[in-house]
Amino acid sequence: MSRFYATTPIYYVNGKPHIGHAYCTTVADAAARFHRLLGEQTYFCTGTDEHGQKVQEAAEKRGIPPQQHVDELAEAFRGLLPKLHITPEQFIRTTEPRHKAVVARALQQLWDNDLIEKRSFAGWYSTAAERFWTEKDLVDGKCPDTGQEVVWLEEANYFFLMSRFQQPLIDAIESGKMRILPANRANEVLGFLREPLLDLCISRPKSRLSWGIELPFDSEYVTYVWFDALLNYVTAIGGFGAEADNAATLGEGAAPASGDKGTFETWWPHVCHFLGKDILTTHAVYWPTMLMALGLEPPRQYCVTGWWLMDNTKMSKSLGNVVDPLSLKDTYGPEVLRWFLLREMAVGQDANFSEAGLVKRNNTDLANDLGNLVQRTTALVHKHFDSQVPTLPEDRDPSPLLTSAIHLASYLCGEDTPFELTRSAQQVWPVEKTVDELKLHVTLADIMTLVQRLNQVLASDQPFKTVKTDKDAAAVTVYHALEGIRIAANLLWPAIPHTAEAILERVGWTRGVLPLADINWGDLPEGSAVPKGAGLFPRYKLDAPKDAAKPAPKPAKKAKQKGLPEITIDNAIGYDDFAKLDLRVGVVKVAEPVRKSDKLLRMEVDVGELGLRQVLAGVAKHLTPEQLVGTRIQVLTNLAPRKLMGLWSQGMMMLAETDDGRLVPMRPDGDAPAGSKIA
RNA sequence: GGCUGGGUAGCUCAGCUGGUUAGAGCGAACGACUCAUAAUCGUUAGGUCGUGGGUUCAAGUCCCACUCCAGCCA
C-alpha cells in the first residue's frame, strides 16, 4: 500500500496567522484527504516554528519569558485549524523537548562525520536585517534592505558543508526521485543549482541570539533556523530516536502509526511538502542536502503554492490592502472559504482574492449547482416517494443521458468506462490522476461536471412530470439522481468535509465517506429514509463597490406579446434592486402621538422574527392611533434607521398617497402573520 | 544585469509530439422549463492566438529578432 505523508511549513510565530498560512494548510489537508479516498495510508502534520531573534525580541518587548510568548502564539495557529475544518494528525512545535533532542542528535552526527566546520567570517552586519552583507551589497554604506546602519563584525560560526551535495541533489531532481510540482518550480531550483552551491551557516553566537537550540558540541552557540525548523518533518514521524518521545508526548494513539518497519521508515521518504514559493530554496536545496548528509533519502515530493493577490499585488500589511480574508470564514463559513481557496486557485499559480469572487464561487458552484441539486431531488422524494429512496422498478432502464452520468461517475472513480463528453465536459480526468499531479482545482472541476450532468438529467428526464403519468420512470430517475449526489458528495469530501457528510445523510446514505475503490453505483439502499432539511448553501448578494464604473442603464426591454401595448419604462429597476427591499407584514402593538408634533405617530410594530420595531410615520392628520392598534400593515424593515423628533424610526410604513393628498395604509389581505415577507 | 516561464474571446485560462470552420468556465444576450435556493436546461459570443520576420504543402503550435509581464538569482 502506498503512503502519503503531508506536511505544511511550520509557521513562524512572529505574527498572526493569515490567508497564506490558511491556504497552504487547507491544500495539504484536502490533498491528504484525497489520498485517503484513494485508499492510501496518510499522515498529515503541521505546526509552528518558535525560535529566533524576532521571537526573542517580541517577548522582551512584552516583558515575558519567550516560552510563554510562543505558547500563546502557537495557540493562535493551532486554534485556527478546527475553524477551517483542517484535521492534521499532529501539531508539532519546535520548542518541544522531543524536537530539540532530534536536532541535537542530528547535529552531533554531522559533527562526528566532519560535515560541519567552524570558520571565522567577517562582514558588514545589519542588526535590523539580521544578516551580513558584502561591501558591494551596501547602498550608501547602509543595509540595502532596511537602510539602517551596519557594523563591521568578525565572528566564528559553524557551517554545514552543503556544497558537497550539489551534484547528488541535481541528480535527485533530474531523475524524478525528488519531484517538484508544478514543474516550472523544479526548473527554478535547477537554475539555482547551476551556480556553485555554497556552504550553509547554521549557527549564531549566543551573545546575539539566545532563544534557540544549543549546539551539542559548543554551548556558546545556538543553531540557526535551518536545522532547527526543517528537522521537524523528521521529528514528527519519529526519526532520530524520536519514537519514544513522540509516543510519550502525543499519546500512543496520536503518534504516527507504526508500520512493519517502525514509524519513521513507514513514512519516510513518502512525504509531500506543501509550501509557498517564497521558501522554495530552503526546502528544495538546504533540506534535501541536510537529509543526504544525515544518510536519509531526500523528500519524494513538493507542492509549491502561489500567492493570493489583492488587486494583482501581493497582500501585505505595509500596503494596507489586507482585509483579512480569513475573517470571511466567519461570514460565510469555513466550507465556503475552503471551496473558494481550493477551486479558485490553480495550485502553484497566483490568484486574486476578493470577497466578490468568493461569493460568486459560493453562489454558482455550491448554491446553484450542488445545493439546489440536492434540494430539488430530495423535494421530489418527499412529495412523491414517501420520503424514502425509491425502489428501482424491474425492466426499466435509465435514459441515455442518465447512463452517461453513471459512466462519468465510475470514470472519475478510476474505472475505464467510456462516457459521452459534452460541451461542458470536454475533458475530464480520473480523480486519481489529477490528485497525483496535485491539480486539485482540476479535480474539483471534474467532480462538478458530475453534478452538472445530474442537473441535465433532471431537466431532460423530467421526473416531476413523469411522476404523474409513469411513476416507475420517475423512480428510475430519482433513484439514480440520489445515487449520483451521494457519489459526488463522497468525492467532494476532501474539499468540503462537513457539507459532504451532511449531503450523504440527506440522500439516505448512512455508511459515511468511502474510499474510491468501494464506491459502487447502485449501493444506495432502496427504501432508506430521506430526511428533510434546509438548504445547504445560502446564496449571498454582495453590494457592488461604490466606485465601480456603473454600466450605462439599459433601455427597458420591450415586452413583445400580441395584444399587449408596448410600454417604455424610463426608470426601470432590475429584480436584484427590488430584492434588496425587505418588506414585511407587521402588526401594530402600540400607537401614540409624538409630543410637539402634529404629524408624527409613534408605533411599535411586531414584525415576527425581526422582533418589535419602533416605527415613526407622518400620518397623524390622516389616522388616529385607534385606527392602527391591533391592525396589520406593511413595513419596509431594512431602511436605514433615522431619527425624527428625537426618536429613532426603525422601519417605514407603506402608504398610498392619493392625488388629493390623503395617506391610506397598505393593508395585507388574507391572514399572513406578522413577519411574513412581501415580494 | 543573468536565467526561466509567459503574452490566446470582457475576465480566468485549455490548447500534447505543427494539419479540418481556434476551445472551456465565468460574465453577457436570447430562448425553454417549473421539481428546486430567481434556480435549472438549451442556443449564441466571430478573438489579426503580443509585434515583425523565417522554415513548411500547412504554424497559436517549430526557428530568429523585438516588446511587454511575472518569477528566480545576483
Side-chain angles (χ1 to χ4, degrees), chain A residues 133-134 136-137 144 180 182-198 276-281 284-285 304 306-307 309 312-314 343-346 348-352 354 356-357 359-385 401 421-429 439 441-442 444-446 448-449 451-468 474 477-478 481 485 533-541 549 551 554 557-558 560 574-579 679:
Chain A
W133 299 102
T134 63
K136 65 174 184 178
D137 287 334
I180 302 175
N184 62 315
R185 296 294 168 192
N187 289 340
E188 209 171 286
V189 175
L190 286 171
F192 179 83
L193 288 170
R194 269 196 288 274
E195 302 293 318
L197 191 58
L198 303 175
K277 59 185 180 180
D278 48 328
I279 51 175
L280 178 58
T281 305
V285 177
V304 186
W307 281 328
L309 308 174
N312 290 312
T313 52
K314 193 191 174 190
R343 179 71 189 82
E344 184 80 0
M345 180 184 266
Q349 293 188 286
D350 293 347
N352 254 311
S354 73
V359 167
K360 203 168 90 178
R361 276 282 170 217
N362 172 75
N363 287 354
T364 57
D365 293 346
L366 297 178
N368 294 355
D369 284 356
L370 179 59
N372 184 48
L373 173 66
V374 173
Q375 206 69 1
R376 67 194 300 206
T377 309
T378 53
L380 287 170
V381 175
H382 296 310
K383 263 188 206 166
H384 304 292
F385 294 96
L401 191 61
L421 289 166
T422 61
R423 190 178 163 209
S424 58
Q426 293 200 323
Q427 224 176 19
V428 175
W429 305 103
K439 295 179 180 168
H441 59 293
V442 177
L444 296 178
D446 288 349
M448 288 307 285
T449 63
V451 171
Q452 285 153 9
R453 187 66 61 95
L454 293 169
N455 272 322
Q456 290 166 8
V457 166
L458 291 183
S460 134
D461 280 12
Q462 301 189 309
F464 42 89
K465 262 188 188 168
T466 57
V467 74
K468 292 166 193 159
T477 307
V478 172
I485 292 169
L536 295 156
F537 298 99
R539 307 178 82 247
Y540 296 101
K541 289 208 171 92
K554 293 172 202 159
K557 286 181 204 165
K558 294 196 174 160
K560 281 184 206 161
Y575 178 82
D576 286 354
D577 290 323
F578 169 70

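Computed from a predicted structure; not experimentally measured. In what follows, chains carry the letters A, B, and so on, assigned in the order in which the sequence lines appear, proteins first and then strands, with residues in each chain numbered from 1.
Looking at heavy atoms from C-beta onward, A:Q462 lies out of side-chain contact with A:T477 at the 4.5 angstrom threshold.
When the C1' atom is compared between B:rA22 and B:rA45, the two are found 14 Å apart, to the nearest whole Å. One P atom belongs to B:rG23, the other to B:rU44, and the distance between them is 12 Å to the nearest Å. Atom C1' of B:rU51 sits at a distance of 23 Å from the matching atom of B:rC13, rounded to the whole Å. Only the P atoms considered, B:rG47 is 15 Å distant from B:rA24, to the nearest whole Å. Taking atom C1' in both B:rG25 and B:rU20, one finds a spacing of 25 Å when rounded to whole Å.
Remark: the backbone N or O of A:D369 is paired with a side-chain donor or acceptor of A:N455 at under 3.5 angstrom.
Rounded to whole angstrom, the span from the CD1 atom of A:I180 across to the P atom of B:rC72 amounts to 15 Å. Atom CE in A:M345 sits roughly 18 Å away from atom C1' in B:rC26 (whole-Å rounding). Distance CG (A:L444) to P (B:rG25): 18 Å, rounded to an integer number of Å. One can place CZ of A:R185 at 10 Å from P of B:rC73, the figure rounded to the nearest angstrom.
Along RNA chain B, the nucleotide closest to A:V451 and the one closest to A:P463 are compared, and the more 5′ of them pairs with A:P463. Comparing A:L373 and A:R343 along RNA chain B, the residue whose closest nucleotide (by nearest heavy atom) sits nearer the 5' end is A:R343.
Residue A:T378 is classed as having no contact, given no heavy-atom separation below 4.0 Å to the nucleic acid. At the heavy-atom level, A:L536 lies under 4.0 Å from base atoms of the strands shown.
You'll find that the side chain of A:Q375 is closest to B:rU37, out of B:rC35, B:rU37, B:rC73. In this structure, the nucleotide among B:rU34, B:rU4, B:rC41 sitting nearest to the side chain of A:F464 is B:rU34.
Listed pair A:K360 / B:rC26 fails the phosphate criterion, with no side-chain N or O lying under 4.0 Å from OP1 or OP2. Taking only side-chain nitrogens and oxygens, A:T281 comes nearer than 4.0 Å to OP1 or OP2 of B:rC73.
B:rU43: Watson-Crick or G-U partner is B:rA29, with both key distances under 3.5 Å.
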